[in-house]
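Take a look at the structure set out below.
Within every chain, numbering begins at 1; the chains are lettered A, B, ... in the order of the sequence lines, protein sequences first and strands thereafter. Since this is a predicted model, take the numbers as computed values, not measurements.
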There are 2 protein chains.
Amino acid sequence: MAEITASRALPIGEASRRTGVNIETIRYYERIGVMADPARTQAGHRAYTLDQIKRLAFIKRSRELGFSLAEIRALLALVDAGGATCAEVHHMTTEHLANVRHKIADLRAMERVLKDMAAECSRGDVPECPIIDALFDAGNGR
Amino acid sequence: MAEITASRALPIGEASRRTGVNIETIRYYERIGVMADPARTQAGHRAYTLDQIKRLAFIKRSRELGFSLAEIRALLALVDAGGATCAEVHHMTTEHLANVRHKIADLRAMERVLKDMAAECSRGDVPECPIIDALFDAGNGR
DNA sequence: GTAAGACCTGTAGGTACTACAGCTTCAAGG
DNA sequence: CCTTGAAGCTGTAGTACCTACAGGTCTTAC
């Protein structure tokens, strides 16, 4: 539907549908300056070009990969400056990758402890619980 | 210092030092009702008992394991009610564990994609970057 | 006595949204 | 032509979990 290039300016609802980004979120991105202000119709409705929708999709994709809006802003600035060298982008990506790996390590440490705690629990209908004890004692044990 | 049991009421700074919880955070926990209001000195300074400090350590430990404050509130309510059955606590823990594992899976998916993107990048001093392309195209490709 | 440090309250900011309220505009049917 | 419902608009407030002031009081050590 509306695959013909003639459809130059799309309303926000269509932008949302095409990118999967919530309408309120699109307006939020505009407010904080991650998305440039789009053109407006006479009535004041936002009118998006296909390029702007591509940009929105870029943001979405980057968010899905865990980039912060600040990082995305920097990536887009690199793209816009034209002088986005591959090396710079690579640097940002590997930094972010290190971040993600750090988070994974943290979560895996949590996972281990939670698993062990749960394993020691009788699941019984009794008031004594080794999980609660563990939660209390770890603070003490230090 | 002050290791003798006679030290019954400790100021907030000492509570912070003993638990590793930031002073402002302790006050925040009090404000939102996760920590009960402590006794006060004549001057209005907070005076913590060792039990309250244990409770604070419990919250810290639980936060480190990724429990939300809402979950911690529920855990503490179970403890306080006295009827904290092991089964209930076990249920909350395994639910949270599932949550943690889900997050790990998400992050690992991110990690894979980021790693692959970075690997395809020449790191060169050139404006064409496969990372940027990937970020733009994935949104399109759907 | 005084000066540094610890404590107090209350408010604002940060991140990334989401959800209203209360209004205007557009599109289609009767 | 008019109405109705969907979609759009602005602006504000709420979510989670803190953190960081500002501007004051109190305690402690010299």
Between [N] atom [atom2] and [X] atom [atom1], what is the distance in whole Å?
X: A:Lys103; N: C:dT15; atom1: NZ; atom2: P; result: 13 Å
X: A:Ile12; N: C:dT18; atom1: CD1; atom2: P; result: 13 Å
X: B:Ile72; N: D:dA16; atom1: CD1; atom2: C1'; result: 12 Å
X: A:Met35; N: C:dA16; atom1: CE; atom2: C1'; result: 16 Å
X: B:Glu64; N: D:dC18; atom1: CD; atom2: P; result: 11 Å
X: A:Leu10; N: D:dA7; atom1: CG; atom2: C1'; result: 15 Å
X: A:Ile26; N: D:dA7; atom1: CD1; atom2: P; result: 14 Å
X: B:Tyr28; N: C:dC8; atom1: OH; atom2: P; result: 18 Å

Answer yes or no: does a side-chain N or O of B:Thr25 lie under 4.0 Å from OP1 or OP2 of D:dT19? yes
Counting only side-chain N and O atoms of B:Tyr29, is one of them less than 4.0 Å from OP1 or OP2 of D:dC18?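 For D:dC18, OP1 or OP2 has a side-chain N or O of B:Tyr29 closer than 4.0 Å.
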Could you measure the distance from the [atom1] atom of [X] to the [atom2] atom of [Y]? Nearest 0.5 Å is fine.
X: A:Asn99; Y: A:Thr93; atom1: CG; atom2: OG1; result: 12.0 Å
X: A:Glu14; Y: A:Ile23; atom1: CD; atom2: CD1; result: 10.5 Å
X: B:Leu56; Y: B:Lys54; atom1: CG; atom2: NZ; result: 13.0 Å
X: A:Lys103; Y: A:Asp106; atom1: NZ; atom2: CG; result: 9.5 Å
X: A:Leu76; Y: A:Met35; atom1: CG; atom2: CE; result: 9.0 Å

Tell me, yes or no, whether the heavy-atom count around A:Arg27 atom CZ, taken from other residues, nucleotides or ligands under 6.0 Å, exceeds 12.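 More than 12 heavy atoms, drawn from other residues, nucleotides or ligands, come within 6.0 Å of this atom.
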Of all residues at least two apart in sequence or in a different chain, which pass the salt bridge (Lys or Arg N to Asp or Glu O under 4.0 Å) check with B:Glu120?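 Checked B:Glu120 against salt bridge (Lys or Arg N to Asp or Glu O under 4.0 Å); zero matches.
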Of all residues at least two apart in sequence or in a different chain, which pass the salt bridge (Lys or Arg N to Asp or Glu O under 4.0 Å) check with B:Arg101?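 Checked B:Arg101 against salt bridge (Lys or Arg N to Asp or Glu O under 4.0 Å); matches are A:Glu111.
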Would you indicate what B:Ile32 reaches in the nucleic acid, counting non-hydrogen atoms under 4.0 angstrom: base, sugar-phosphate, or nothing?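 The answer is nothing, as B:Ile32 stays clear of every strand by at least 4.0 Å.
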Filtered N/O pairs between nucleotides 10-13 of chain D and protein, under 3.5 Å:
| unit_1 | atom_1 | unit_2 | atom_2 | d |
| --- | --- | --- | --- | --- |
| D:dT10 | OP1 | A:Arg40 | NH1 | 3.3 |
| D:dT10 | OP1 | A:Arg40 | NH2 | 3.1 |
| D:dT10 | OP2 | A:Arg46 | NH1 | 3.0 |
| D:dT10 | OP2 | A:Arg46 | NH2 | 2.7 |

Compare every heavy atom of B:Thr19 with every heavy atom of B:Lys60, then report the nearest pair and how far apart it is.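 Shortest heavy-atom separation between B:Lys60 and B:Thr19 comes out as CD-O, 3.3 Å.
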Write down the atom of B:Asp80, the atom of B:Arg55, and the distance for their closest heavy-atom approach.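 The pair with the smallest heavy-atom distance is OD2-NH2, 2.7 Å.
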Main chain of B:Phe58, side chain of B:Ser62: is a donor-acceptor contact present, judged purely on distance under 3.5 Å? yes
Nearest listed nucleotide, side chain of B:Ile23, among D:dC17, C:dA16, C:dC7: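 The listed nucleotide nearest to B:Ile23's side chain is C:dC7.
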Could you please name the option among C:dC17, D:dG8, D:dC17 that lies closest to any side-chain atom of A:Arg63?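 Nearest nucleotide to the side chain: C:dC17.
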Please list, chain by chain and in numerical order, all residues satisfying ring-ring contact (aromatic ring centres under 6.0 Å, His included) with B:Phe67, sequence neighbours excluded.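 ring-ring contact (aromatic ring centres under 6.0 Å, His included) check on B:Phe67 returns B:His96.
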Can you give me the N/O atom pairs linking the protein to nucleotides 21-23 of chain C at distances under 3.5 Å, or say none if there are none?
none

With B for base contact, S for sugar-phosphate-only contact and - for none (protein heavy atoms under 4.0 Å), nucleotides 23-30 of chain D reads ---SS---
